[in-house]
Amino acid sequence: MITTRFAPSPTGYLHIGGLRTSLFSWLWARKNEGQFLLRIEDTDLARNSEEAVAAILKAFDWVGMSYDGEALFQSKRFDVYAKYIEQLLQEGKAYKCYMTKDELTALREEQMAKGERTRYDGRYRDFTGTPPEGVEPVIRIKAPQEGMISFNDGVKGEINIAATEVDDFVIARAGGVPTYNFVVAIDDAQMGLTDVIRGDDHLYNTPKQLVVYEALGFKVPNFYHVAMINNEQGKKLSKRDGATDVMEYKTLGYLPEALLNFLVRLGWSHGDQEIFSVEEMIELFDPKDINKSSSNYNLDKLLWLNAHYIKNMEHDKLAELLVEYGVDIRNHEKKDLILSATKERGKTMVELADQINLILNAPTEYNAKNFKKAFKEDTPEILNTFMNLLKEAELNEVADYHKVMEAVVEQKEIGFGKIGMPLRVSLLGSMTGSGLDEIMAILGVDETIKRVEKAIEFTNA
RNA sequence: GACCCUUUCAUCUAGUGGCCAAGGAUAUUGCGUUUUCAUCGCAAAAACAAAGGUUCAAAUCCUUUAGGGGUCGCCA
């Protein structure tokens with residue numbers, strides 16, 4: 001049985017990096033028919049908000065990742081933590097430290113000046129004297145003072161950190177509120193986690209948490225530290241690099257399947273395969289294939305994937321999703337035609353909606369440059385001929401519209417462009433876009449003629 | 001500054017001593033298909049961070065150097 005988790009602190013939206021590590025955790029649990037648990041790390045009094053919790057859940061919902069059971073809130077477990085603190089104190093595995101913040105700062109500056117790694121010096125570790133007046137103590141845990149703290153990371157391999165690098169860190173603040181590394185170890189153990197997959201910014205927390213596991217006699221899970229996602233320049237991803245909020249991708253017109261496919265290939269691979277459905281990801285994911293090095297975030301590939309998923313999506317579903325982007329063709333009798341005419345031209349849902357609107361809404365103006373290029377002296381006559389033929393034609397399928405155009409070309413002994421370009425500008429107001437036959441088939445004869453006549457009118461004006 | 005991690009085309013990556021004068025994908029460029037744009041098809045260009053070892057043989061193992069990232073809180 002595999003149990004994994006995602007443990008965000010609710011201080012903002014769900015970040016793209018957080019989504020990737022939780023995706024890995026989720027895939028691994030689902031693959032093994034295990035559990036994927038959610039824990040909200042809200043021990044920090046001031047910075048948390050309920051809105052942030054809601055935002056994170058919303059993002060999970062959008063991408064279709066579900067967690068098992070109830071979310072666990074750390075803020076509701078202070079009594080549990082207090083019990084363990086008391087236990088460690090009793091057993092002499094933790095102790096009260098009366099050092100003031102000023103004294104600590106002074107110590108750090110001194111160590112920094114000497115070029116040492118800053119660490120607590122253990123001055124109250126074996127203190128038995130009378131505590132100084134007016135100092136409310138913190139609780140520190142006794143970390144090993146010599147040897148190595150080692151663990152086998154599922155991604156990075158053997159990690160060895162000298163015990164001297166890990167000091168007797170604080171497990172409870174003055175006032176009794178427990179600290180991160182302490183509660184994480186307790187919760188991970190009590191939630192029965194077998195595999196902890198997280199960002200490698202936590203790598204240095206692991207030895208500290210191992211000290212807690214050791215002191216409390218908990219079973220240690222497997223750790224996997226996944227390297228960070230950087231921007232295209234290889235620097236830390238920040239807001240100015242574009243969207244970092246998962247939900248922003250929805251607004252921008254990305255499909256969740258594309259985003260997940262993109263993220264799963266960032267730092268993970270399965271041979272040469274690029275396209276993964278969620279089912280395939282679940283089947284093929286294995287943390288042993290996670291890369292050691294950090295990867296750079298590159299939007300081009302996401303865009304390509306998004307276009308791929310739009311092209312291959314069922315029309316009913318596409319129509320359903322388009323509603324959120326301001327286009328409702330769910331009950332349009334020519335829904336299929338509209339989508340097959342446009343879906344290869346939109347890399348995002350936003351672009352797709354634009355393409356559809358371009359056809360469905362008659363142009364209100366014509367680009368002067370395009371118009372001049374497309375409309376020559378003989379154009380009105382050509383278009384009139386075309387309209388006459390169109391009125392008489394028997395139009396059963398898309399190709400029939402093409403035949404009418406061909407007839408004009410033949411009759412007038414002109415090139416295709418002589419009719420195609422002005423017709424396109426008349427119908428769309430644009431020089432580019434979907435195939436003319438499809439556009440006309442969508443619009444029907446009446447609307448087509450109406451738009452062409454309007455364009456001809458415009459030439460006379 | 002100290003400690004830890006990391007380094008294959010512009011980007012994501014395949015690759016665990018011989019199958020690699022390094023493969024795939026995106027992006028780029030060209031050609032073709034298309035009335036246009038896009039899609040699609042074909043092709044081109046593009047990398048083992050550097051230097052030393054070990055070996056018959058190294059992208060793969062070792063050492064050093066350089067670059068990048070992370071951590072050094074009574075934040076999480």
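Chain identifiers are assigned alphabetically (A, B, ...) following the order of the sequence lines, protein sequences preceding nucleic acid strands; residue numbering begins at 1 within each chain. Note: hydrogens, waters and symmetry copies are ignored here, and every other heavy atom, side chains too, is used.
Both tests hold for A:Arg140 against A:Tyr120: distance to the six-membered ring centre under 6.0 Å, angle to the ring axis within 45°.
Positionally, the nearest nucleotide of RNA chain B for A:Arg345 lies more toward the 5' end than for the other of A:Arg108 and A:Arg345. Where A:Arg20 and A:Val155 meet RNA chain B, the nucleotide closest to each residue was compared, and A:Val155 sits on the side nearer the 5' end.
Atoms CG (A:Asn370) and C1' (B:C37) sit 12 Å apart, rounded to a whole Å. In this entry the distance linking CZ of A:Arg265 with P of B:U26 reads 11 Å, nearest Å. Nucleotide B:U71 holds its P atom 12 Å from the OH atom of A:Tyr180, rounded to whole Å. For the pair A:Lys208 NZ and B:U71 P, the interatomic distance rounds to 12 Å; values are reported in whole Å. The separation between A:Asp153 atom CG and B:U71 atom C1' is 15 Å, rounded to whole Å. Nucleotide B:C72 holds its P atom 19 Å from the CG atom of A:Asp121, rounded to whole Å. For the pair A:Phe169 CZ and B:U71 C1', the computed distance is 14 Å after rounding to whole Å. In this structure, CG of A:Asp201 is placed 16 Å from C1' of B:G68, rounded to the nearest angstrom.
The nucleotide whose nearest atom lies closest to any side-chain atom of A:Val138 is, among B:C74, B:A38, B:A76, B:C74. Of the candidate nucleotides B:U39, B:C5, B:C72, B:U39 has the atom nearest to the side chain of A:Lys311. When the nucleotides B:C74, B:U13, B:A25 are ranked by their closest atom to the side chain of A:Trp304, B:A25 comes out on top. Checking B:C74, B:U6, B:C5 against the side-chain heavy atoms of A:Lys156 singles out B:C5 as nearest. For A:Glu344, taking side-chain heavy atoms from C-beta onward, the closest of the listed nucleotides B:G70, B:U39, B:C37 is B:U39. Picking from B:A76, B:C3, B:A27 the nucleotide with the shortest atom distance to the side chain of A:His202 gives B:A76. For A:Arg424, taking side-chain heavy atoms from C-beta onward, the closest of the listed nucleotides B:C3, B:U36, B:U39 is B:U36. Comparing atom distances between the A:Asn296 side chain and each of B:U13, B:U11, B:U71 picks out B:U11 as nearest. Comparing B:G1, B:A76, B:U6 against the side chain of A:Thr179 picks out B:A76 as the nearest. Distance from the side chain of A:Asp437 is smallest to B:U35 among B:C74, B:U35, B:C72.
In this structure B:C42 sits in a base pair with B:G30, meeting the Watson-Crick or G-U test at under 3.5 Å. Across every strand in view, B:U63 sits in a pair with B:A51 that passes the Watson-Crick or G-U test at under 3.5 angstrom. Here B:C9 sits opposite no nucleotide as a Watson-Crick or G-U wobble pair (both hydrogen-bonding atom distances under 3.5 Å). With a 3.5 Å ceiling on both atom-pair distances, B:G17 lacks any Watson-Crick or G-U wobble partner.
In terms of polar N and O atoms assigned as donor or acceptor, the side chain of A:Lys301 comes within less than 3.5 Å of the base of B:C12 in a complementary pairing. If you check distances only, the side chain of A:Gln273 never reaches the base of B:G24 with a donor-acceptor pair under 3.5 Å. You'll find a donor-acceptor pair under 3.5 Å spanning the side chain of A:Asp272 and the base of B:G23, going by distance alone. Not a single donor-acceptor pair, N or O on each side, falls under 3.5 Å between the base of B:A76 and the side chain of A:Asp42.
For A:Asn291, a side-chain nitrogen or oxygen approaches OP1 or OP2 of B:A14 to under 4.0 Å. Remark: A:Lys101 is not in phosphate contact with B:C74, judged by side-chain N or O atoms under 4.0 Å from OP1 or OP2. Remark: A:Ser293 is not in phosphate contact with B:C5, judged by side-chain N or O atoms under 4.0 Å from OP1 or OP2. Distances shown here put a side-chain N or O of A:Thr118 below 4.0 Å from the OP1 or OP2 atom of B:G73. Side-chain N/O atoms of A:Ser269 include one lying less than 4.0 angstrom from OP1 or OP2 on B:A14.
Centroid-to-centroid, the aromatic rings of A:Phe416 and A:His402 come within less than 6.0 Å. Aromatic pair A:Phe262/A:Tyr309: ring centres not closer than 6.0 Å. Between A:Phe60 and A:Phe6, the gap from one ring centroid to the other is short of 6.0 Å. Checked against the 6.0 Å centroid criterion, the rings of A:Trp268 and A:Phe276 qualify as a close aromatic pair. A centroid separation of 6.0 Å or more is found between the aromatic rings of A:Tyr81 and A:Phe182.
By the 6.0 Å contact criterion, CD on A:Glu158 is enclosed, its count of non-hydrogen atoms from other residues, nucleotides or ligands being greater than 12. Counting non-hydrogen atoms of neighbouring residues, nucleotides and ligands closer than 6.0 angstrom, the CD atom of A:Glu381 reaches no more than 12 such neighbours.
A gap of 23 Å separates the C1' atoms of B:U64 and B:A47, to the nearest Å.
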